[in-house]
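To find a chain, count down the sequence lines: A is the first, B the second, and so on, and within it residues start at 1. These figures come from a predicted structure and were not determined experimentally.
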Protein chains: 2
Amino acid sequence: MKINLNGKTSDVKAVWYEEPVIKMIDQRILPETFKIVDIKNTAELYDAIKNMTVRGAPSIGAAAAYGVAQAKSLGIEVEEAGKVIKSSRPTANDLFFAVDFVLQHKEQAKRYAEMYVDSIVERSRLIGVNGNELIGNNKRILTHCNAGALASVDYGTALSPIRMAKESGKKPFVWVDETRPRLQGARLTAWELVQEGIEHKVIADNAAGFLMATEQVDLAIVGADRITKNGDFANKIGTYEKAVLAKENGINFYVAAPLSTFDFSMESGQGIPIEVRSEEEVKEVKGVPISPKESMAYNPAFDVTPNRYVTGYITEYGVFKSSQLPILKDKGKESIIEQIEQF
Amino acid sequence: MKINLNGKTSDVKAVWYEEPVIKMIDQRILPETFKIVDIKNTAELYDAIKNMTVRGAPSIGAAAAYGVAQAKSLGIEVEEAGKVIKSSRPTANDLFFAVDFVLQHKEQAKRYAEMYVDSIVERSRLIGVNGNELIGNNKRILTHCNAGALASVDYGTALSPIRMAKESGKKPFVWVDETRPRLQGARLTAWELVQEGIEHKVIADNAAGFLMATEQVDLAIVGADRITKNGDFANKIGTYEKAVLAKENGINFYVAAPLSTFDFSMESGQGIPIEVRSEEEVKEVKGVPISPKESMAYNPAFDVTPNRYVTGYITEYGVFKSSQLPILKDKGKESIIEQIEQF
């Protein structure tokens, strides 16, 4: 992704590998501070995923793939490292997908981790190419959370089509849900859009419905953490609300994700484990308390949106309706090498 | 309302009058700081309403009623003062209703202002009595923003039935939408519920849909800033989202408001002016920036919920469906004296 820092433009990925160190942008302290963190072992990686230094399903997958390569490089039992890495967060499919993929090729862990991450970048780019076809000129697009380059190593999932639309001169405008409690929209999506020069406005999550009802939203695109066989999907808390509101207002609602986010072993979204995070994420904003100390809070990090609210799934293989997902499932049966060769 | 401060319990109203000074709880700095502010003239009152020192449609109405009495007491032209007060915020009906009522009796402005505010308190209490009948034992109630004692001098509108349910031993539990951008839920509703010892948890606004879809919400009650003839209503931004989600999940959704919030001169919600507030309210939380300085924001303070999402209107005269609102309209034709005599 293009980053403008102190007047210099550079090209940086959300996560990369300089054996035996995993490098990642610290996504907790953006937009104020741009900092690269060194992850030197499995314990540090576990923490970095859990505390959301790295976040976004495909970026978590990339970090996890490198984690297996790093364990091998450090002479640690890779199966054991894989288990630890997988236990860092429960919802995103990419985490499990990536660890399993590299473990299947553990003799050449580094090579396959690099291949996996390169493939994520290429898949994200293709999501952009395919999704761009859904975006007309001067469209106003609502997005939730951050499904940008930060979330998928580069390009993004939901933001990739918007980048491509910008590059094709279509002048997209983005409504950025701030995405409480962790503010990934206000902090990260807004930051990426500033870097790319894409016009946008940040809104309270509460305002999305009003904008839809007053015909100020042309379409919505979000990312996903796990998509099940029937097309139900888990994504950042609040996604379900926006999907219901989009349907109620006749607005097309798209989910953008690579194959690694699909969990075809799970029949429906009812089976997806929903991570519950700390009360403090709700009771504080950037360390500043917002509610009485006596009050409790509840903080589910994801919700599940049933397939009936989804207009289409934007993937590296094209845009599918939920009824067409079996076609995508067949792609998943091909080896990643075969998959990559198709691109 | 009952307030516990430094181990002492006292009974305080959100706004009251000690001629010629209007006294009000500063609602901007709760829950950290409990402070009473003195409003000494019309200009100060205009600021206090605009900057939300006093907020909530019925409390704004009360402050405005006192404002006319204060102008008279200070020897200022009351019609002119009324115009200034009315121009402080555009959406809530109570503001206009209260000013007009006292102006109609300007020769005895203080007496009629006191009568108006006493009536608001009694109406709020009756909203509690009537709404309590809709609440069973151990019910989990979602509310948005603050429609408590702070918002309506005492008792509250949406919170009044919940207080009564607590007093009748029904053990209500409240899901408190934090209500970005101004956090009236996390700050004010949570604070009131702590004072009253009512069990509750604060949630990100994004989590309300998830809680409804996973059957953790039994009913929803919100307040209103203006309700039009057909039952459409304006309330804090995000109310429309929660109403749509409640209907989608088969959850009863009630609006609690006194007669002063109804604007029978307006046919439908399309005519209600929606206040747009500063970008900073979205871009900052308690003065701490959350998004890039280069990003813009959009901050509509209210939205309009069409009548089809409302199960019933909880008023001081009973609970009505939208089709029954003409009965309530007839009550509005009676003088406030006649109305008060009925209670």
Side-chain angles (χ1 to χ4, degrees), chain A residues 30-32 144 175-181 183 185-187 190-191 193-194 199-211 213-214 236-242 244-245 247-248 274 279 281-283 285-300 302-304 306, chain B residues 30-32 144 175-181 183 185-187 190-191 193-194 199-211 213-214 236-242 244-245 247-248 274 279 281-283 285-300 302-304 306:
Chain A
L30 280 171
E32 294 80 13
H144 191 70
W175 290 114
V176 180
D177 281 356
E178 65 174 358
T179 317
R180 278 279 290 152
L183 297 166
R187 295 194 301 108
W191 180 79
L193 296 174
V194 167
E199 207 189 335
H200 64 283
K201 285 186 181 175
V202 179
I203 54 169
D205 301 301
N206 281 324
F210 169 78
L211 292 171
T214 52
K236 183 53 53 199
I237 190 76
T239 303
Y240 164 69
E241 294 194 356
K242 310 322 162 198
V244 169
L245 287 154
K247 182 156 198 182
E248 191 78 359
I274 299 296
E279 294 185 47
E281 289 186 356
V282 175
K283 293 188 63 183
V285 177
K286 292 194 167 190
V288 179
I290 58 166
S291 46
K293 61 179 188 310
E294 298 90 341
S295 295
M296 295 179 73
Y298 182 58
N299 184 19
F302 301 93
D303 57 24
V304 173
Chain B
L30 280 171
E32 294 80 13
H144 191 70
W175 291 114
V176 180
D177 282 356
E178 65 175 357
T179 317
R180 278 281 289 152
L183 297 165
R187 296 193 302 109
W191 180 78
L193 296 174
V194 167
E199 206 188 337
H200 64 282
K201 285 186 181 173
V202 179
I203 55 169
D205 301 302
N206 281 324
F210 169 79
L211 291 171
T214 53
K236 184 51 53 200
I237 190 76
T239 302
Y240 164 70
E241 295 194 355
K242 311 321 162 199
V244 169
L245 287 154
K247 181 155 198 183
E248 191 78 0
I274 298 296
E279 294 185 47
E281 290 186 356
V282 174
K283 292 188 63 184
V285 177
K286 292 194 167 190
V288 180
I290 59 166
S291 45
K293 61 180 187 313
E294 298 90 342
S295 294
M296 294 179 73
Y298 182 60
N299 184 20
F302 301 93
D303 58 24
V304 173

Self-check item: Heavy-atom contact with chain A under 4.5 Å, split by part of Leu183(B)
Solution: side chain
Quiz prompt | side chain to side chain donor-acceptor pair (under 3.5 Å) partners for Glu32(B), two or more places apart | solution = Lys286(B)
Practice problem: Enter the distance from Tyr240(B):OH to Phe210(A):CZ here, rounded to the nearest 0.5 Å. | Solution: 11.0 Å
Practice problem: Tell me, out of Ile237(A), Thr239(A), Asp303(A), Val304(A), who's got the most heavy-atom pairs with chain B below 4.5 Å. | Solution: Ile237(A)
Quiz item: If you round to the nearest 0.5 Å, how far is CZ of Arg180(A) from CG of Asp177(B)?
Solution: 12.0 Å
Exercise. Rounded to the nearest 0.5 Å, what's the gap from CD on Glu294(A) to CG on Leu193(B)? Could you check?
Key: 12.0 Å
Quiz item: Between Val244(B) and Val244(A), is any pair of side-chain heavy atoms under 4.5 Å apart?
Solution: yes
Self-check item: Interchain contact, Leu30(A) with chain B, by part (heavy-atom threshold 4.5 Å)
Solution: neither
Exercise. Below 4.5 Å from any heavy atom of chain B, which atoms of Pro181(A) appear? Answer side chain, backbone, both or neither.
Key: both
Quiz item: Most heavy-atom pairs under 4.5 angstrom with chain B, which of His144(A), Lys293(A), Lys236(A)?
Solution: His144(A)
Quiz item: Pro292(A) versus chain B, heavy atoms under 4.5 Å apart: side chain, backbone, both or neither?
Solution: both
Quiz item: For Glu281(A), what residues pass the side chain to side chain donor-acceptor pair (under 3.5 Å) criterion, not counting sequence neighbours?
Solution: Arg182(A), Arg277(A), Asn299(A)
Quiz item: What are the two closest heavy atoms between Trp175(A) and Tyr298(B), and how far apart are they?
Solution: CZ3-CB, 3.8 Å
Practice problem: Answer yes or no: is there a side-chain heavy-atom contact under 4.5 Å between Glu248(A) and Glu248(B)? | Solution: yes
Quiz prompt | Contact leader toward chain B among Thr179(A), Ile290(A), Val194(A), where contacts are heavy-atom pairs under 4.5 Å | solution = Ile290(A)
Quiz item: Picking from Gly209(A), Gly185(A), Pro306(A), which has the most non-hydrogen pairs under 4.5 angstrom with chain B?
Solution: Gly209(A)
Quiz item: So what's closer than 4.5 Å to chain B heavy atoms on Lys242(A): side chain, backbone, both or neither?
Solution: side chain
Quiz prompt | Side-chain (Glu241(A)) to main-chain (Leu245(B)) donor-acceptor, under 3.5 angstrom | solution = no
Self-check item: Which portion of Leu211(A) sits near chain B, non-hydrogen atoms under 4.5 angstrom
Solution: side chain
Self-check item: Least distance between heavy atoms, Ser291(B) atom then Ala186(A) atom
Solution: CB-O, 2.9 Å
Quiz item: Which atom pair, heavy atoms only, marks the closest approach of Val282(A) to Ala204(B)?
Solution: CG1-N, 4.1 Å
